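A quick write-up on the structure given underneath.
Since the model is a prediction, treat every value here as computed from it, not as a measurement. The figures here come from the full heavy-atom set of this structure, side chains too, leaving out hydrogens, waters and symmetry mates.
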Amino acid sequence: MSLNAIMHTATSGLAAAQTQLRIVSDNVSNVNTPGYVRKIGDQVTLTGQGIGSGVEVARIRLATDRFLQAASLNAGAEAARQGVRYELYDRIQSLFGDPGGDSGFFSQVDGVFSAFAASGEDATSSPRRQEALFKTQALFDEAGRIGKQIQAVREDADGRIQSAVEKANSLLTQIEGLNLEIARATVVNGDASGAETAQSALIGQLAELMDIRVSVRPVGGVSIRTSSGSLLAGEGAATLSYTRAGTITGETAFNEIWITEPGGQKKSLLDNVTSGEIKGLVELRDVEAPAAAERLAELVAHVADELNRAHNANSSVPAPTSLTGRNVGQTFESAIAGFTGQSTIAITTPTGVISTRANIVFSGSTMTINGVAATPANFLTVLNAQLGGAATASFVDGKLSIAATGGNGVAVADDATSPSNKAGRGFSHYFGLNDLISTDRPTFYDTGMSAASPHGFTAGETLSFRFTGESGSKLRDIQVAVPAGGTLGDLLTALNDPATGVGRFGSFALGADGSLSFTGFGNPPPTMSVLEDRTIQVPSGVSVTELFGIAGGVRSSRADGFTVRGDIRQSPGKLALAQLNLGAAAGASALSNGDGRGGLLLADAGERTSNFQAAGGASGGAISVSRYASELSGDIGGKAAASKNRKEAAQALYTETTARKTAYEGVNLDEELVLMTTYQQAFNASARLIQAAKDMYDTLLGMI
């Protein structure tokens, strides 16, 4: 080997040792820097014609392990998903208060029935009446507040989705910019480790927003794809787009989140991710929060309905001069048809004596009033004739009204052995003639209608549905027009049409109680929501969606619409705590001022079995209001606890994977000290080799 070759070998060793020492220095100086990845210099032997000619540092790379990196990114995405779900669901759970406390929402339900029990035991006490009414109104006010706050949580989640989308766009742009910098450094064999470290930190932040797959490009840098393969970075930065909704209600339909790939192809983000903060926010906004709102509304609606059932079986003393029902969302002919049993409309004097009565015997589409035959078409005419001017019955804008004349009162009572019944409600209860709790919208959907019932909607009016898949992405929007046929059966046929209706995604079915239910096809079935409803029922003015409670949105919106009837709030003496005695002797009072049986009936409303419909993932069924409230309390608390457990488990896994990744990628001072010593000795050895070559040169020159 020539002296020149020796000098070249030594010089290369000197340069390589200097580079390695610089790498060690960088590692040591960043030992406590969060996110710093240890650098490694890949040193190779130089050869010429099969003879060693020195060494060089071929490249400086980061000490990464793609398997540990993938595990950490996946665990981080799931931790972010479960963390945000727990954070927001915990807010929902806190709205209901302590289930075992005295001030929580569910304790207020029991408090209402207890207050009515006290008023029934002392029917003449005005303070007890006022307390019962106050607690009832407070319960519905609290339900309305909770319902609005649940929607506020959804609105917060929607806003955070938009922020996450904007952050993801910023991260993708930065990652792609660093790809270019890394590629340039790779081409000239430069040190790209600084850019790679910065890029790794950005990738970690992106993984918290959505689950991603990362692969190294041959030219330097990384390619990033979603879990299902959509390109996010590597050949240009993808763009995410989302337009948030405005004021959010239970009926709000949210916009799609789109990915526009570098090549211009547009895809749904939700079809491409399974975890991450965005996924968690969507699940909370679209599934968990609506489920809580639906169950709350179902509970509150049945509390109101059972109180109204009891109140309609009662009467105040003296009886009110008029009774005005609620909007039943049907024509009178449709609403009055289908009753069975017997009911009596009594006109009473101010002292409670029955002066006129109309005994109604129902039998489907036929009926008699005081023995006179009537049909749904002429029922009101026959009824007014039998009342003989003592009272007048009318039906306007979907509401039945009965007004007495001459300062007398009106009371309605069912027969004790054969009470009137349609869809589980008596005559007065079905029409809401003496409701205690009023609302501005339909609140129960077992209408009692049949396929032959006229639906009352105008042909050509439309309603639009949206179907979404399991991931929450949109499958299709479908607009359905009201058909020319005027029966409910005709409307069902149009809704279920595979070509122009929803028949490809599921089917609507009419229950024996007149409720309309939708069953989706597939496993899991698609989720249906109503985008827009332009239908108006004549004469009630309600829409198809409102009348039948189609989809969860309109059902959950019921929670904030209940209030104690205004005239009763102002005059507690109008609270119906007495019961009409249909067997009272002629001239004897049928209403007693001290009668508290009606109050006890109100108190027992919480224990009466009621037909709850499916809501928020719960199957419903025949159960009491108090039992349903207890189960809902346990369900809310159980879901909050389960959400916390999932969050803690995901966080523990993320901590473990991060610790293992850090142990591999992080700086170990002992190891760096060994390397520093090694490269110092290598440097010294190269320097001594140079000195030895110099001495040989000097010796040779001296010999000449």
Side-chain angles (χ1 to χ4, degrees), residues 1-33 35-66 177-201 216-222 662-704:
M1 179 180 290
S2 66
L3 289 177
N4 284 337
I6 294 173
M7 290 291 288
H8 181 270
T9 299
T11 302
S12 68
L14 199 67
Q18 285 179 321
T19 301
Q20 294 285 17
L21 286 170
R22 186 170 63 250
I23 292 172
V24 171
S25 176
D26 287 345
N27 288 340
V28 172
S29 63
N30 287 282
V31 64
N32 293 319
T33 302
Y36 179 80
V37 181
R38 174 170 51 92
K39 296 180 183 180
I40 296 177
D42 289 336
Q43 190 167 300
V44 296
T45 301
L46 298 176
T47 60
Q49 298 180 347
I51 301 173
S53 60
V55 296
E56 71 172 353
V57 176
R59 65 168 180 158
I60 300 173
R61 62 180 177 86
L62 301 181
T64 56
D65 183 287
R66 62 190 182 95
L178 289 170
N179 267 344
L180 298 176
E181 185 177 333
I182 294 168
R184 283 194 295 267
T186 302
V187 168
V188 298
N189 202 28
D191 182 3
S193 59
E196 289 174 338
T197 299
Q199 189 180 66
S200 177
V216 178
R217 301 190 310 172
V219 296
V222 296
T662 301
Y664 182 85
E665 296 179 348
V667 177
N668 185 305
L669 286 178
D670 292 336
E671 181 180 348
E672 297 301 323
L673 179 60
V674 171
L675 291 174
M676 181 177 290
T677 302
T678 300
Y679 294 129
Q680 283 177 338
Q681 292 176 348
F683 183 89
N684 292 335
S686 297
R688 291 177 64 183
L689 185 59
I690 292 173
Q691 183 62 47
K694 175 181 177 300
D695 292 344
M696 292 179 66
Y697 267 116
D698 291 343
T699 301
L700 289 173
L701 290 173
M703 294 173 61
I704 296 176

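Heavy-atom contacts from other residues, nucleotides or ligands closer than 6.0 Å to CG of D698 number more than 12. At most 12 heavy atoms of other shown residues, nucleotides or ligands fall within 6.0 angstrom of atom CZ in R688.
The minimum heavy-atom distance between L46 and V55, with the atom names listed, is CD1-O, 3.9 Å. What you find for A10 and S686 is that their closest heavy atoms are O-CB, 3.4 Å. Residue L669 comes nearest to V28 through the heavy atom pair CD2-CG1, 4.1 Å, listed as atom of the first residue, atom of the second, then distance. Across all non-hydrogen atoms, the minimal contact from A16 to V57 is O-CG2, 4.0 Å. In this structure, S12 and G54 approach most closely via the heavy-atom pair OG-CA, 3.2 Å.
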Applying side chain to side chain contact (heavy atoms under 4.5 Å, CB included) to M696 and T699, what does each step give before you reach the verdict? CA-CA 5 Å; M696 292 179 66; T699 301; 5.6 Å; no

Might you work through the side chain to side chain contact (heavy atoms under 4.5 Å, CB included) test for T186 and I182, ending with a clear yes or no? CA-CA 6 Å; T186 302; I182 294 168; 4.0 Å; yes

Does R217 form a side chain to side chain contact (heavy atoms under 4.5 Å, CB included) with N179? I'd like the steps, not just the answer. CA-CA 9 Å; R217 301 190 310 172; N179 267 344; 3.7 Å; yes

Side chain to side chain contact (heavy atoms under 4.5 Å, CB included) between D26 and Y36: does it pass, once the steps are laid out? CA-CA 10 Å; D26 287 345; Y36 179 80; 3.9 Å; yes

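Between the side chains of Q680 and N684, no donor-acceptor pair is found at a separation under 3.5 Å.
Taken from CD in Q18 to OH in Y679, the straight-line distance is 14.0 Å, to the nearest 0.5 Å. Between the CD1 atom in I690 and the CG atom in L14 there is a gap of 5.0 Å [rounded to 0.5 Å]. From L675, atom CG reaches atom CG of N668 across 9.5 Å, with rounding to the nearest 0.5 Å. How far NZ of K39 is from OG1 of T197: 6.5 Å, rounded to the nearest 0.5 Å.
L178 has its side chain within reach of E181: a pair of non-hydrogen atoms, C-beta onward, lies under 4.5 Å apart. No side-chain heavy atom of V216 sits under 4.5 Å from any side-chain heavy atom of R66.
Under a 3.5 Å cut-off, the side chain of R38 and the backbone N or O of Y664 do form a donor-acceptor pair. Of the possible polar contacts, one joining the Q20 side chain to the G41 backbone as a donor-acceptor pair under 3.5 Å is found. No donor-acceptor pair closer than 3.5 Å links the side chain of S200 to the backbone N or O of E196.
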